[in-house]
Amino acid sequence: MTQDELKDAVAAAAIDEIRPLLGRDVVIGIGTGSTANCFIDRLAALQGEFRGAVASSEASAQRLVSHGIDVFELNEIGTLPVYVDGADEVNAHLHMIKGGGAALTREKIVAACAQRFICIADASKRVERLGNFPLPVEVIPMARSYVARELAQLGAEPVYRMGTLTDNGNQILDCYDFAISDPLTMEARINAIVGVVTNGLFAARGADLLLLGSKDGVEKISAA
Ligand code: 5RP
């Protein structure tokens, strides 16, 4: 199976997972990226079975609208029964690195409002220790150099993601060569640096369920 086929397989599995939660008043949270896009494309077939979606990026909102799915502002909705999104890395505790697509802050906000977080990923995303994928950190532009120096103190090698502006008008530093042995502590430490909007560690609010696609099928994994 190709990686694209694996992404579509986990998207299909996520549809099966969320279907019992749907209803005419139900609004669901939707993430960002190529795997989330597969999920959005499959969700189009369920129109009429739910009210609409809150999106974690402008790109996902546009894709939802292109399928005729209503998109709501999070402030209009409140709590969501479920949030479905991909990840750049995920460990056995279902802690994740996210933000490869620069949508980490909105992803974290929508995930915080969701009762259940379903992570959909192909097997290449499953890791023993987080940090091989460069950890994205969203920063207020004027704080970029200061935050980079602070991240270096923590052991990272931060690199400015040139030409990328987040949906919030901020910039991204990607932390290379960063062995993250304690994701919960590191998430809090980075967030405490002045000028950081948020970082791509999703440990305080990890996933509740991982749907992991491999050539052997889709495995349902709960947090260890
Ligand atoms: C975007 C994200 C994505 O979930 C992550 O980058 C995975 O993307 P893909 O499904 O394309 O591999 O966090 O900010």
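Any value given below was found using the heavy atoms of this structure, including those in side chains, with hydrogens, waters and symmetry copies removed. Residue numbers run from 1 in the order of the sequence given. Whatever order the structure lists ligands and atoms in, that order sets their numbers, starting from 1.
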Working for side chain to side chain donor-acceptor pair (under 3.5 Å), residues Asp4 and Thr2: CA-CA 5 Å; Asp4 284 346; Thr2 66; 5.4 Å; no
Salt bridge (Lys or Arg N to Asp or Glu O under 4.0 Å) between Asp85 and Lys98, worked out: CA-CA 9 Å; Asp85 198 359; Lys98 292 183 46 54; 2.8 Å; yes
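When the ring pair (Phe, Tyr, Trp, His ring centres under 6.0 Å) test is applied to Tyr83, the partners found at least two apart in sequence or on another chain are Phe117.
By the 6.0 Å contact criterion, CZ on Arg116 is enclosed, its count of non-hydrogen atoms from other residues, nucleotides or ligands being greater than 12.
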Do any nitrogen or oxygen atoms of ligand 1 lie under 3.5 Å from a protein nitrogen or oxygen, and which ones?
residue, atom, partner, partner atom, Å
ligand 1, 4 (O), Thr32, O, 3.1
ligand 1, 4 (O), Asp85, OD1, 3.4
ligand 1, 4 (O), Gly86, O, 3.3
ligand 1, 4 (O), Lys98, NZ, 2.9
ligand 1, 6 (O), Asp88, OD1, 2.7
ligand 1, 6 (O), Asp88, OD2, 3.2
ligand 1, 10 (O), Ser34, OG, 3.4
ligand 1, 10 (O), Thr35, N, 3.0
ligand 1, 10 (O), Thr35, OG1, 2.5
ligand 1, 11 (O), Ser34, N, 2.8
ligand 1, 11 (O), Ser34, OG, 2.5
ligand 1, 12 (O), Lys125, NZ, 2.7
ligand 1, 13 (O), Lys98, NZ, 3.0
ligand 1, 13 (O), Gly99, N, 2.7
ligand 1, 13 (O), Glu107, OE1, 3.1
ligand 1, 13 (O), Glu107, OE2, 3.3
ligand 1, 14 (O), Gly101, N, 3.2
ligand 1, 14 (O), Ala103, N, 3.2
ligand 1, 14 (O), Glu107, OE1, 3.4
ligand 1, 14 (O), Glu107, OE2, 3.1

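Side chains of Val84 and Ile18 form a contact here, defined as non-hydrogen atoms less than 4.5 Å apart.
No donor-acceptor contact under 3.5 angstrom links the side chains of Arg129 and Asn91, judged on distance only.
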